[in-house]
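Note: hydrogens, waters and symmetry copies are ignored here, and every other heavy atom, side chains too, is used.
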Amino acid sequence: MGIERSQRRSAIDSVIAPVLYRLSYLFGEGPMALPDVRWLMNRYTHTAVRERVKIWARLICLQPILKAIDRHVPDTAERLVDLGSGYGLISLMAALRRKARILGIEASPVRVAIAKMAARELGQVTFQCGDVAQIPVPPGDALLLIDILSYFTDETQGQILAACADSLKPGGILLIKDNTTVPQWKYRYVNVEERIKRTVGVYGVTAQIRPNHHPPELWRQLIRSANLEVCDEILIESVVPYPGIIYVCQKLERG
């Protein structure tokens, strides 16, 4: 029965993969190709349907994030830490594209268990359960904060950013992706959507109901206050109603 179910899921994935691939370009340009989508989906065939749907929804958002990682995280990076790694999609895609050791940290035990199963036989990738606001940030050549800071208050955001700055190795990169407040129509939409998702517990963790997104100038201020400098700022251009912004940061060297 288990074999038959796996075969059915593989058949469904073969139909859905091209659809997800096409949808991914609505969220912005990126390097993820159809074979990458198929490979990634195959890592999660063990997962319950409810969770797989969430994984597919996350998968189609990855293109601009992967593009920023490819462009700004050096191939020579030896350790990449994915803070708030969710189901592990970005960590797995990073493992597919580079040789770095990758550690994903996620607060939801359910998502950590799914990510660990998805990373089976990938010795360079590990996942652990932890709240990024509570645990020490492990040192890394590259740290990722992807759609995680808006769960926290301004004060906690600053603490997380400062901890990341302290843990960055010399020349290391901190990549931050979150939503911002421009354009305003996208911000209004995503603010409502996020409140609904957090109210019904879509993310599997307890979080403040109101997402804490900021205008670009406040994001920059928070980053600078944490002894970090912005090396690049990317406003994600897409037709979908999500005002995503990416900051590429390095530790500020004070003379």
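Heavy atoms of other residues, nucleotides or ligands lying less than 6.0 angstrom from CZ of Arg58 number more than 12. For Arg50, the CZ atom is loosely surrounded, since the number of other residues' heavy atoms within 6.0 Å does not exceed 12. Open room surrounds CD on Glu78; 12 or fewer heavy atoms of other groups in view lie less than 6.0 Å from it. Counting heavy atoms of neighbouring residues, nucleotides and ligands inside a 6.0 Å radius, atom CD of Glu237 does not exceed 12 of them. Other residues, nucleotides and ligands contribute only 12 or fewer heavy atoms inside 6.0 Å of the NZ atom of Lys99.
Looking at Tyr25, its side chain does come within 3.5 Å of a backbone N or O of Gly30 through a donor-acceptor pair. A donor-acceptor pair is defined here as one N or O able to donate and one able to accept, closer than 3.5 Å; no such pair exists between the side chain of Ser167 and the backbone of Cys164. Gln250 contributes a side-chain N or O that, together with a main-chain N or O of Gly171, makes up a donor-acceptor pair within less than 3.5 Å. For Asn212 (side chain) and Tyr151 (main-chain N/O), no donor-acceptor pair under 3.5 Å exists by modelled atom type. Looking only at distances, a side-chain donor or acceptor of Asp36 sits under 3.5 Å from a matching main-chain atom of Ala33. In terms of modelled atom types and a separation under 3.5 Å, the side chain of Ser108 and the main chain of Arg111 share a donor-acceptor contact. Here the side chain of Arg43 pairs no donor or acceptor atom with the backbone of Leu40 at under 3.5 angstrom.
Between Val125 and Ala95, the shortest heavy-atom distance links the atoms CG2-CB, 3.4 Å. Scanning both residues, Pro31 and Arg97, for their nearest heavy atoms gives CB-NH2, 3.0 Å. Ser91 approaches Gly104 most closely through the heavy-atom pair OG-CA, 4.2 Å. The shortest non-hydrogen separation linking Leu103 to Pro138 is CD2-CG, 3.7 Å. Val190 and Pro241 make their closest contact through CB-O, 4.1 Å (heavy atoms, listed as atom of the first residue, atom of the second, distance). Shown here for Pro211 and Arg198, the closest heavy-atom pair between the two residues is CA-NH1, 3.5 Å.
Cluster membership check: Ile60 shares its hydrophobic cluster with Leu92, using side-chain heavy-atom separations under 4.5 Å among Ile, Leu, Val, Met, Phe, Trp and Tyr. Linking ILVMFWY residues whenever their side-chain heavy atoms come closer than 4.5 Å, directly or via other members, places Val19 and Met32 in the same cluster. Hydrophobic clustering of Ile, Leu, Val, Met, Phe, Trp and Tyr side chains at less than 4.5 Å, counting indirect connections, keeps Ile234 apart from Leu143. Both Met93 and Ile55 sit in one connected hydrophobic cluster of ILVMFWY residues. Membership requires side-chain heavy atoms under 4.5 Å apart, directly or through other members. Residues Leu145 and Ile246 do not share a hydrophobic cluster, defined by chaining ILVMFWY side chains whose heavy atoms lie under 4.5 Å apart.
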Stepwise side chain to side chain contact (heavy atoms under 4.5 Å, CB included) check, Asp166 with Val137:
CA-CA 8 Å; Asp166 290 340; Val137 175; over 6 Å; no
Show your working on side chain to side chain contact (heavy atoms under 4.5 Å, CB included) between Leu144 and Leu80 and close with a plain yes or no.
CA-CA 8 Å; Leu144 306 180; Leu80 186 153; 3.6 Å; yes
Go through it in stages, so that I can follow the logic: the residues are Glu51 and Trp56, the test is side chain to side chain contact (heavy atoms under 4.5 Å, CB included), and I'd like the CA-CA distance, side-chain angles, deciding distance and then a yes or no.
CA-CA 9 Å; Glu51 300 299 326; Trp56 294 343; over 6 Å; no
With side chain to side chain contact (heavy atoms under 4.5 Å, CB included) as the test, would you mind laying out the steps for Leu149 and Leu161 before giving the verdict?
CA-CA 9 Å; Leu149 285 178; Leu161 289 170; 4.1 Å; yes
Would you please test Arg38 and Asp13 for salt bridge (charged side-chain N to carboxylate O under 4.0 Å, His left out) and show each step?
CA-CA 8 Å; Arg38 294 188 188 280; Asp13 284 356; over 6 Å; no
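With rounding to the nearest 0.5 Å, the separation of CD1 in Ile69 from CZ in Arg98 is 7.5 Å. Distance check: Asn227 CG to Cys249 SG gives 11.5 Å after rounding to the nearest 0.5 Å. Note that the CD1 atom of Ile102 and the OG1 atom of Thr126 stand 9.0 Å from one another [nearest 0.5 Å]. With rounding to the nearest 0.5 angstrom, the CD atom of Gln128 is 4.5 Å from the CD1 atom of Ile105. Taking CZ of Arg195 as the reference point, atom CG of Asn191 lies at 5.0 Å (rounded to 0.5 Å). Note: Leu175 CG to Leu83 CG = 11.5 Å, rounded to the nearest 0.5 Å.
In summary, the side chains of Gln63 and Ser24 do present a donor paired with an acceptor at a separation below 3.5 Å, with no hydrogens or angles considered. A donor-acceptor contact under 3.5 angstrom links the side chains of Glu193 and Tyr189, judged on distance only. A donor-acceptor pair shorter than 3.5 Å can be found between the side chains of His72 and Asp232. No hydrogens or angles considered: nothing links the side chains of Glu194 and His213 as a donor-acceptor pair under 3.5 Å.
By the 4.5 Å heavy-atom criterion applied to side chains, His214 and Asp154 are counted as neighbours. Residues Cys129 and Glu106 have side chains not in contact (no heavy-atom distance under 4.5 Å, counting atoms from C-beta outward). Looking only at side-chain heavy atoms (C-beta outward), Val132 and Phe152 come within less than 4.5 Å of each other. Side-chain contact between Tyr87 and Arg52: absent, with no pair of heavy atoms (C-beta onward) separated by less than 4.5 Å. Residues Asn179 and Lys186 fail the side-chain proximity criterion, which asks for heavy atoms closer than 4.5 Å. Using a 4.5 Å heavy-atom cutoff, the side chains of Leu20 and Met41 are in contact. Arg224 places none of its side-chain heavy atoms less than 4.5 Å from the side chain of Glu229. Between Ile173 and Val248 there is a side-chain heavy-atom pair separated by less than 4.5 Å.
Classification of the Tyr44-His46 ring pair by plane angle, with boundaries at 30° and 60°, yields parallel.
In this view, Ala115 and Phe127 satisfy the side-chain contact (heavy atoms from CB on, under 4.5 Å) rule, not counting sequence neighbours. Applying the side-chain contact (heavy atoms from CB on, under 4.5 Å) test to Pro216 and every residue at least two apart in sequence or in another chain returns Thr180, Thr181, Val182, Arg220, Glu233, Ile245, Tyr247.
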